Amino acid sequence: MTDYRKEAEAIAAEITEARRVIHGYAELGLETVKTAAFIEEKLRSYGIEPKRCGKNGVTAIIGQEPAGEGSGKVILLRGDIDALPMKEETGLPFAATNGNCHSCGHDLHGAMLLGAAKLLKAHEKELKGRVKLMFQPGEEVLGGANEMIADGLLENPKVDVAIGMHTSSGGDHCDLGLVTFKRDYSTFSGDFVRVTVHGKQSHGSRPETGVDAINIAAHIVTGLEELIAREVSNTERSVVLVGKIAGGDSCNTQAGTCVLEISVRAASSERRSFLKQRVKEISEGIALAFRGTAETEYVYGQPPMYNAPEMCDCVPGYAAEVVGQDMVKELFEFGGTEDFTAVAERVPSVYLHIGSGAIAGRDVTHHNPKIIFDEAVLPIGAAVYANVAARYLEEHQ
Ligand SMILES: [Zn+2]
Ligand SMILES: [Zn+2]
């Protein structure tokens, strides 16, 4: 069996150098122009032919076309590469100077995936299937994965399973190289809803001649409260929040329209569709009951992260071959949003976290411009990516 950990440690300096280059670029959203060009150049230097996917996403294949029909699976490894719009405060000699900051560690993810690519390429002939790399921009703006999927990421060759990995900081999970995962759902979905209530404007002294859109909106707010309080089990967490409301022209006029902006978060795909249906029914039903109408625009945003049981059964074991069994832990709590969920909604996936140390303290977490990641995580993460891919292909031929 290939010792990917040992091989990754041998190229640690190169992975670190790549990380520092990406760190310095600190490009935002879907505009990872220099980062994508750098990744392509590195892949070519490893003998891997990169392909643009979306505007600034990069993908590539390692491994041979299978000989027979249906033989050899395709596993996708995803590393995101975008930074955040905040001024870096680490004081590091290679800190970004463009006003942005890689405070979510995506520079490490890109570099670890590059390291894994080099290692896997060196063992290409031994691979029992193919590895597809996904260098993804626009994670922080939750649009990059969808853009790459729309550009054919999951086809030619068709992706069978996928792995996402993110560094982790703060609290108990940041121990260097600690790999954590959660079964089933691990993040909320995130959807945005705009409800526009239509009433009829009239003078405040003659209420019977109009329909008050603000009054209707107020009933919708309390109606939506009842949805979580009475229709969702109290063992389950979901959120329906009216975060913004606007309507009316003056204090003595009944409002003709009122707009509610609502955030809906659900802990499973089933609950997500239920809430979608009920938010619409409650809003439009209440408007009708009070002689008005309402339109519901539902922007179906990010699905919840679903970790497939068949992936949770094997992948943590392959990671343990790199970091040791005592450094792999199953978690039971929910995390934040992540747009790898767009991939996980389409192919069986698992999302791993890898502890990236606490050089600036355990209270300094991701998205803090003072965060300093321990670069010792780079070869560990590269080895986890590589070993998980190689071993999955070996055991699933
Ligand atoms: Zn982030
Ligand atoms: Zn992130």
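Counting starts at 1 for both ligands and their atoms, following the listed order. Because the structure is a prediction, the values reported are computed rather than measured.
For H353 and F181, the gap between ring centers reaches or exceeds 6.0 Å.
In this structure, R272 forms a cation-pi arrangement with Y300, its terminal cationic atom sitting closer than 6.0 Å to the ring centre and no more than 45° off the ring axis. Judged by a 6.0 Å distance limit and a 45° cone about the ring axis, K121 is not positioned over the six-membered ring of Y46.
Of all the N, O or S atoms in E140, the one closest to the Zn ion (ligand 1) is OE2. The minimum distance between the Zn ion (ligand 1) and any N, O or S atom of H367 involves atom NE2.
With a cut-off of 2.8 Å, the Zn ion (ligand 1) has an N, O or S atom of C104 in range.
Between the NE2 atom of H106 and the NE2 atom of H166, the angle centred on the Zn ion (ligand 2) amounts to 110° when rounded to 10°.
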Notebook entry, point to check: Do R265 and T337 pass the side chain to side chain contact (heavy atoms under 4.5 Å, CB included) test, and can you show the C-alpha distance, the side-chain angles, and the key distance before you say yes or no?
Noted result: CA-CA 10 Å; R265 293 171 180 269; T337 47; 3.7 Å; yes
